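From a predicted model like this one, the values you see are computed outputs, not experimental measurements. First the proteins, then the strands, lettered A, B, ... as listed; each starts at 1.
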There are 2 protein chains.
Amino acid sequence: MDEKCISKAVIRRLPRYYRYLGELLEDGVERISSNELSTKMRVTASQIRQDLNNFGGFGQQGYGYNVQYLYTEIGKILGLDRTHNMIIIGAGNLGQALANYVQFEKRGFKVVGIFDVNPVLKGISIRGNEILMMDELPQYLKDNDVQIAALTLPKNNAEETANLLVENGIKAIWNFAHLDLEVPEDVIVENVHLSESLMRLSYNLNCYVTEHKK
Amino acid sequence: MDEKCISKAVIRRLPRYYRYLGELLEDGVERISSNELSTKMRVTASQIRQDLNNFGGFGQQGYGYNVQYLYTEIGKILGLDRTHNMIIIGAGNLGQALANYVQFEKRGFKVVGIFDVNPVLKGISIRGNEILMMDELPQYLKDNDVQIAALTLPKNNAEETANLLVENGIKAIWNFAHLDLEVPEDVIVENVHLSESLMRLSYNLNCYVTEHKK
DNA sequence: TAGATTGTTAATCGATTAACAATC
DNA sequence: TAGATTGTTAATCGATTAACAATC
């Protein structure tokens with residue numbers, strides 16, 4: 001298969017297409033043209049067609065795109081047609097929030113384990129998962145098929161924990177810690193740096209104020 | 001002042017520079033060249049110099065950049081030299097996690113109020129903030145100076161809540177709900193779409209598998 | 001068939017990288 | 001002064017938009 005590397009900009013937009021198509025589907029819309037969709041999403045129709053054609057021709061000339069079909073296909077591209085088992089490392093507020101978030105499972109991301117170093121948390125149950133201690137992790141990963149680990153712990157422990165995860169076969173890390181992880185190149189890291197997001201917000205807030213002071 | 005619009009790509013990178021400079025500062029590093037920093041951050045030295053020169057010449061030929069000075073200046077650009085009051089709308093798991101996150105306050109983002117519609121939560125205290133009911137919000141915003149509202153609630157209430165916030169003078173929304181908010185153009189929206197992040201992770205995971213199946 | 005809309009090529013735009021003169 | 005490194009211009013690269021032939 002001649003699966004060329006798709007640009008990151010395109011991948012970044014895919015989940016958003018998926019979301020809009022899901023909404024159209026809920027509204028019972030059967031077909032949509034790139035032009036209609038472009039209006040809704042505030043992007044160009046050209047971009048939509050270019051993006052989709054990275055993966056193949058999902059549309060039909062003179063008709064547009066079948067919403068259900070396109071939704072399903074993008075879902076497949078994003079890997080939402082299969083189940084991914086996920087563990088959460090760090091059972092603090094954020095870790096627990098992720099563990100409690102029901103919607104992920106609907107998309108095929110199933111939280112199967114939660115780990116922490118704090119013995120106070122040991123055995124506490126979150127949506128059917130008892131919090132386990134970190135020293136149980138290596139054995140757990142041998143016994144269970146886990147693809148994704150969400151890292152929701154302070155940055156000082158993050159690097160060594162990431163190494164431990166990689167050593168035990170984890171292939172994808174959803175990183176919420178405030179640092180850039182150093183991992184082998186076959187391990188995927190997706191960063192969610194909340195504080196950086198908040199700083200961008202702050203930048204724009206000041207920017208606006210500055211501009212109007214002129 | 002001739003504050004031109006800086007490209008989003010540059011803004012996106014600023015908080016990361018800030019983070020690295022903060023670490024250098026902690027390590028007692030006094031000066032750094034764009035070349036050294038580029039090695040650490042795995043970007044080009046050219047990009048660093050271009051990015052910084054959008055805001056002015058912070059360096060010195062033959063010397064490089066003074067870490068403390070550059071750190072402070074980027075902080076100012078990002079608006080971290082002032083305090084921003086923030087409220088959280090939605091006291092679910094994620095809202096509580098944000099409210100409990102101590103680091104934000106260090107950067108000048110102070111959680112001053114938490115709101116929810118669920119009467120069960122009324123009066124529960126989170127780091128000194130009692131959860132208030134949504135009907136108290138308009139009066140609260142009249143009595144308090146709040147710039148930022150974090151939206152951590154289900155998407156079906158998000159749009160109308162955003163409208164309410166905007167009507168009551170909120171100028172920046174940190175949106176965690178899974179939808180694109182429609183707000184007046186002077187209102188800043190910074191999105192954190194966790195499920196989209198997870199989908200990108202999933203895409204890359206499958207991608208890798210696919211490529212090696214060849 | 002005629003009209004609509006895609007898939008795709010070509011043109012444009014913007015962002016990144018390279019190069020180097022300015023200067024500390 | 002000589003060496004180092006910035007600030008900045010020019011060259012390259014990639015991504016977005018426009019245009020249109022293909023085709024349903």
Side-chain angles (χ1 to χ4, degrees), chain A residues 2-17 20-21 24 29-74 77 200 203-204 207, chain B residues 2-17 20-21 24 29-74 77 200 203-204 207:
Chain A
D2 140 88
E3 182 115 2
K4 251 197 243 120
C5 199
I6 311 288
S7 96
K8 275 191 181 176
V10 175
I11 307 307
R12 178 158 291 278
R13 289 191 288 267
L14 279 185
R16 189 156 176 267
Y17 291 135
Y20 273 84
L21 288 164
L24 287 168
V29 178
E30 213 169 85
R31 61 165 283 271
I32 194 158
S33 68
S34 57
N35 204 43
E36 285 173 277
L37 189 57
S38 79
T39 307
K40 260 187 198 297
M41 295 185 64
R42 297 171 194 268
V43 295
T44 63
S46 227
Q47 181 163 76
I48 293 176
R49 295 203 298 276
Q50 284 276 22
D51 283 355
L52 296 179
N53 274 88
N54 280 296
F55 303 97
F58 299 130
Q60 195 168 83
Q61 282 97 331
Y63 173 83
Y65 299 88
N66 178 286
V67 175
Q68 172 70 70
Y69 175 68
L70 187 55
Y71 179 77
T72 309
E73 289 303 312
I74 295 181
I77 293 165
R200 283 191 290 272
Y203 170 85
N204 287 306
C207 223
Chain B
D2 141 84
E3 183 115 2
K4 251 195 242 121
C5 200
I6 310 289
S7 96
K8 276 192 182 175
V10 175
I11 307 307
R12 178 158 291 277
R13 288 190 290 266
L14 278 186
R16 189 157 176 267
Y17 291 134
Y20 273 84
L21 288 163
L24 287 168
V29 178
E30 211 169 86
R31 61 166 282 270
I32 194 158
S33 69
S34 57
N35 204 44
E36 286 173 277
L37 189 58
S38 78
T39 307
K40 259 186 199 299
M41 296 186 64
R42 296 171 194 267
V43 296
T44 63
S46 226
Q47 182 163 78
I48 293 176
R49 294 203 299 275
Q50 283 277 21
D51 284 354
L52 296 179
N53 274 88
N54 281 295
F55 303 96
F58 298 129
Q60 195 169 81
Q61 283 98 331
Y63 172 83
Y65 298 88
N66 178 286
V67 175
Q68 172 69 71
Y69 175 67
L70 187 54
Y71 178 77
T72 309
E73 288 303 312
I74 295 181
I77 293 165
R200 283 191 290 272
Y203 170 85
N204 287 305
C207 223

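- As judged by a 4.0 angstrom heavy-atom cut-off over every strand, Arg13(B) is placed among residues touching the sugar-phosphate backbone only.
- Protein chain A touches strand DNA chain D; the 5'-most and 3'-most nucleotides with an atom under 4.0 angstrom of its non-hydrogen atoms are dA15(D) to dC24(D).
- Evaluation of the salt bridge (Lys or Arg N to Asp or Glu O under 4.0 Å) test over residues 53-66 of chain B, restricted to residues two or more places apart or in two chains, returns none.
- For the side chain to side chain contact (heavy atoms under 4.5 Å, CB included) with Ile6(B), the qualifying choice from Ile77(B), Ile11(B), Asp51(B) is Ile11(B), the only one to do so.
- For the side chain to side chain contact (heavy atoms under 4.5 Å, CB included) criterion with Leu24(A), the lone passing option out of Lys40(A), Arg31(A), Glu30(A) is Lys40(A).
- Inter-residue side-chain proximity for Leu52(B) and Ile48(B) is flagged as met; some heavy-atom pair is nearer than 4.5 Å.
- Figure legend. dT12(D) is base-paired to dA15(C); pairs are counted as Watson-Crick or G-U wobble with both atom distances under 3.5 Å.
- Put simply, the side chain of Phe55(B) does not reach to within 4.5 Å of the side chain of Ile74(B), judged on heavy atoms.
- Nucleic acid contact class of Arg31(A) (heavy atoms, under 4.0 Å, all strands): sugar-phosphate only.
- Distance check, rounded to the nearest 0.5 Å: OH of Tyr17(A) to CG of Leu37(A) gives 7.5 Å.
- Taking a pair to require two hydrogen-bonding distances under 3.5 Å in either a Watson-Crick or a G-U wobble arrangement, dT6(C) pairs with dA21(D).
- Heavy-atom nearest nucleotides on DNA chain D were determined for Ser46(B) and for Val10(A), and the one closer to the 5' end corresponds to Ser46(B).
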